[in-house]
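The block underneath contains the structure these notes are about, expressed in structure tokens.
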Amino acid sequence: MAVRPGLWPALLGIVLTAWLHGSGAQQSATVANPVPGANPDLLPHFLVEPEDVYIVKNKPVLLACKATPATQIFFKCNGEWVRQVDHAIERSTDDGSGLPAMEVRINVSRQQVEKVFGLEEYWCQCVAWSSSGTTKSQKAYIRIAYLRKNFEQEPLAKEVSLEQGIVLPCRPPEGIPPAEVEWLRNEDLVDPSLDPNVYITREHSLVVRQARLADTANYTCVAKNIVARRRSASAAVIVYVNGGWSTWTEWSVCSASCGRGWQKRSRSCTNPAPLNGGAFCEGQNVQKTACATLCPVDGSWSPWSKWSACGLDCTHWRSRECSDPAPRNGGEECRGTDLDTRNCTSDLCVHTASGPEDVALYVGLIAVAVCLLLLLLVLILVYCRKKEGLDSDVADSSILTSGFQPVSIKPNKADNPHLLTIQPDLSTTTTTCQGSLCPRQDGPSPKFQLANGHLLSPLGGGRHTLHHSSPTSEAEDFVSRLSTQNYFRSLPRGTSNMTYGTFNFLGGRLMIPNTGISLLIPPDAIPRGKIYEVYLTLHKPEDVRLPLAGCQTLLSPIVSCGPPGVLLTRPVILAMDHCGEPCPESWSLRLKKQSCEGSWEDVLHLGEEAPSRLYYCQLEAGACYVFTEQLGRFALVGEALSVAATKRLKLLLFAPVACTSLEYNIRVYCLHDTHDALKEVVQLEKQLGGQLIQEPRVLHFKDSYHNLRLSIHDVPSSLWKSKLLVSYQEIPFYHIWNGTQQCLHRTFTLERVSPSTSDLACKVWVWQVEGDGQSFNINFNITKDTRFAELLALESEGGVPALVGPSAFKIPFLIRQKIITSLDPPCSRGADWRTLAQKLHLDSHLSFFASKPSPTAMILNLWEARHFPNGNLSQLAAAVAGLGQPDAGLFTVSEAEC
């Protein structure tokens, strides 16, 4: 290229000016430097400027510039001029203006860029000259493109329920230029524009708003730029469906076509069915209930009547009725005729025309019939008087004095007139009565002497003696008459959760052993002259449909006493355990009773009792005592008023008595803190061959909707291996709070490394999330350690399940009557039943006691229910003696009164 000599000084000035200002040029703008006095319209302007490029692998990149009018164009990279030999120059004329144009291209290699790598970015810029000055192009940055192999965050596998949201995070590998991200579902591209349920965030996470079954797939995050394409590890997303129950089917036909049977209904876990590992439905798929079908009774003929007199037509007849029994409940009618007629024999068929003789005969027959009727009425009246005399004889001589002997008033100390000396009567015949009334047996009476004691001192053993001077035949006749009363009812027998007995006006007591459930029938609760067979039954919650609404929970066992509908003149007392922590601010407690139609009704709201009602309840820390004048089926239900409401759970740890395999199971039971629940678990473990391995603990379970968690820790790995795949197990909150599911437990399975391993040391934790917890330290020998087995030995609970008459009560009958007679009338000095209630800490129930005909009897009945059979009569005697009654004779029983 030739340059005229006169132009070199100007060109040199332009180059120097461009070099001095080159380092200050901006990338985003073209910079012009005109020569003073020159025409600015002839300054170069760029038609093509260099742009940012990336070097891929080892391929050089091409940069190009084109300007008009331009006499020279050179590239400057990172402040240094590119050699002229490295420029490829092409000259032309601009078609629009006719001015000369120049295009220059250079190649930039990877080595050139790497020389300044880490110091600053590599850039290049064009400088164009004309006679009017210079112009600089924008800077073009040259970068080495790459994409690393490893993702900074890969998506993880998930299991989500239907309609739950899904978020799959993805952070692509580092790269230049930054990688673009796309998602694949089972190798198909996920396009958010086609599926509004899916979108990709700025952070490249894939979000599924509501999971569908079709979203179950393998998801892959793909990152790519101009260098490479990277794939993350696939994340398996499983959308599962928890099972749901279908509606119940109709109740089936009763299994028994005659008598008591069962009917059932079912439901299936198909609404929806569990899919992809979803949880199976909780609860029972079959429900059973008792049913009774009236048995058909076929009719049967009564005996034939006597033949009638021979009629005028020489025939006589006889009849019978289809009434022995009459057909009922669809039974067949009697077959045959109800009237039989035949001819009279020849010697009987004699008729006269004497009308007056026939009239006389009929009048005589009528007179005889009237006489017989009057005689029958007289016999009935005599029988009734004898029956009343028998009742008074029993009350005065034998049964009322059962359990204590005639006494003489001999005080031991001058300052204590309320002591009795009780002497036995050795001249009378004796019989032992226990459970129900029984005949007396004559025989010699044992000789014994009772020491002097307090007024209400205990009367010895559980078997009490009845004294009577009548012969044995009268007693047998009395019992036989009791058994024929129409009040006697038959009941099912043979279950361990039921007891029964026959009772009259003397009262008695029923107990279901080892359950804390009893029924006290006070004296005179059953009307005189009536005899009831009373039963007491403990029901399993799963066998009784007790509806619970809202936050309600079952706190007590479900207990039946009956027969329902019988007449009671005094309240009986039903005692049963409960597992609630009694706190008026935390609980709303209600007593429920099942009606004859089968529905459950609230018969009592504790704390809002009306004194005149038929029901009342004395609530204590672990038991409740229900006063009721109507027998039936009862349950105590609580509704939490705050999160502070708690139920007491008893925690029990059981394990096999003998371990014959390498596996060893530890069963942790969580049950209501009641005797009946404990009895159920103990009986179950006896069948399974289990033993208690730790002392039971009590846990307070809150109404907080948090589940109960169980875990096992510190298992020696050299001896044992835990087969639990998760860190803890759970019992759902509702299963515990509902209270209708018994024997809730979880099992921890351990495996011995060697068959010779017999020592086990570990910890079991049981806790409610954000609530109470307990820890068990297990350290024992599984082959021979039985030190906890004796903790659950079931006790007898006061002997036989049924006690009849005075043997069922701690307080002797006549002494009880003396106390009632003395304390029922109001006393101005306060020495009456109100003071006795205060001394026995029952003063919160004064309004209820006052509503009854005998408040003192109610107090003594409650004392009997709470303290049998281990009550301290000395404390009761002290409370009675401390009332300050002026007449000591009111609290003594003379020999004549016995």
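All of these numbers come straight from a predicted model, not from anything done at the bench.
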Spell out, as yes or no, whether a donor-acceptor pair under 3.5 Å connects the side chain of Ser822 to the backbone of Ile819.
no
Consider side chain to side chain contact (heavy atoms under 4.5 Å, CB included). Of Leu876, Asn861, Val880, which one does Ile811 pass it with?
Leu876
Beyond-backbone contact of Trp587 with Thr553, side-chain heavy atoms, under 4.5 angstrom
yes
Between Asp824 and Ser854, is there a donor-acceptor pair closer than 3.5 Å when you use the side chain of the first and the backbone of the second?
no
When you look at Leu860 and Trp833, which way does the side chain to side chain contact (heavy atoms under 4.5 Å, CB included) test go after all the steps?
CA-CA 10 Å; Leu860 297 181; Trp833 63 269; over 6 Å; no
Hey, does Gln618 have a side-chain heavy atom less than 4.5 Å from the side chain of Phe848?
no
Carboxylate-amine/guanidinium contact Glu581 Arg648, below 4.0 Å
yes
Using distance alone, with no hydrogens and no angle criterion, decide if Glu597 and Ser595 have a side-chain donor and acceptor under 3.5 Å apart.
yes
Can you tell if the side chain of Lys592 reaches within under 4.5 Å of the side chain of Gln552, non-hydrogen atoms only?
yes
Do Leu803 and Phe809 touch side chain to side chain, with heavy atoms closer than 4.5 Å?
no
Any idea which heavy atoms bring Asp673 and Val698 closest together, and the distance?
OD2-CG2, 4.0 Å
Determine, stepwise, if the pair Tyr615 / Gln630 fulfils side chain to side chain contact (heavy atoms under 4.5 Å, CB included).
CA-CA 8 Å; Tyr615 308 96; Gln630 292 183 354; 2.9 Å; yes
Could you check whether any side-chain heavy atom of Pro523 comes within less than 4.5 Å of a side-chain heavy atom of Arg816, counting everything from C-beta outward?
yes
Are Ile517 and Pro557 side-chain neighbours, meaning at least one heavy-atom pair lies under 4.5 Å?
yes
If you compare all heavy atoms of Val626 against all heavy atoms of Met576, which two are closest, and at what distance to 0.1 Å?
CG2-CE, 4.3 Å
dist Arg590:CZ -> Leu555:CG (nearest 0.5 Å) comes out at 12.5 Å
What distance do Ser588 atom OG and Glu639 atom CD have between them, rounded to the nearest 0.5 Å?
5.5 Å
What verdict does the side chain to side chain contact (heavy atoms under 4.5 Å, CB included) test give for Arg866 and Leu842, after you've listed the backbone C-alpha separation in whole Å, the side-chain angles of each residue and the deciding distance to 0.1 Å?
CA-CA 12 Å; Arg866 296 170 65 192; Leu842 300 175; 3.1 Å; yes
Is it true that a side-chain atom of His578 and a backbone atom of Glu620 form a donor plus acceptor pair closer than 3.5 Å?
yes
Looking only at non-hydrogen atoms, find the nearest pair between Thr674 and Cys579 and report the distance.
CG2-N, 4.1 Å
Between Pro825 and Asp832 the two heavy atoms that sit nearest each other are O-CB, 3.7 Å
Of the options Leu536, Leu538, Thr537, Leu510, which is the one that meets Met498 in a side chain to side chain contact (heavy atoms under 4.5 Å, CB included)?
Thr537
Between CG of Leu591 and CD of Glu601, what distance do you get to the nearest 0.5 Å?
11.5 Å
Value rounded to 0.5 Å, distance of CG in Leu649 from NE2 in His700
9.5 Å
For Val637 and Asp602, what are the C-alpha separation, side-chain angles and deciding distance, and is it a side chain to side chain contact (heavy atoms under 4.5 Å, CB included)?
CA-CA 9 Å; Val637 172; Asp602 293 339; over 6 Å; no
Test your reading of the model: is there a side-chain donor-acceptor pair from Gln594 to the backbone of Gly632, 3.5 Å cut-off?
no
How far apart are the closest heavy atoms of Cys624 and Leu636, and which atoms are they?
SG-CD2, 4.2 Å
From CD (Glu695) to CG (Leu651), nearest 0.5 Å
12.5 Å
Just verifying a value: how many Å separate Asp577 CG and Thr515 OG1, rounded to the nearest 0.5 Å?
7.5 Å
Minimum side-chain heavy-atom gap Val572-Thr628 below 4.5 Å:
yes
Which heavy-atom pair separates Gly501 from Ala802 by the least distance, and what is that distance?
CA-CB, 4.5 Å
Which label fits Phe849 and Phe627: parallel for a plane angle under 30°, tilted from 30 to 60°, or perpendicular past 60°?
perpendicular
Please check this pair: side chain of Lys679 against backbone of Pro513, looking for a donor-acceptor N/O pair closer than 3.5 Å.
yes
Which side-chain N or O atoms in residues 559-569 pair as donor and acceptor under 3.5 Å with protein atoms at least two apart or in another chain?
residue: Ser560; atom: OG; partner: His539; partner atom: NE2; Å: 2.6
residue: Ser560; atom: OG; partner: Arg633; partner atom: NE; Å: 2.9
residue: Thr569; atom: OG1; partner: Asp524; partner atom: O; Å: 2.4
residue: Thr569; atom: OG1; partner: Ala525; partner atom: O; Å: 3.3

Determine whether Lys650 and Tyr669 make a side-chain contact, defined as any pair of heavy atoms from C-beta on separated by less than 4.5 Å.
no
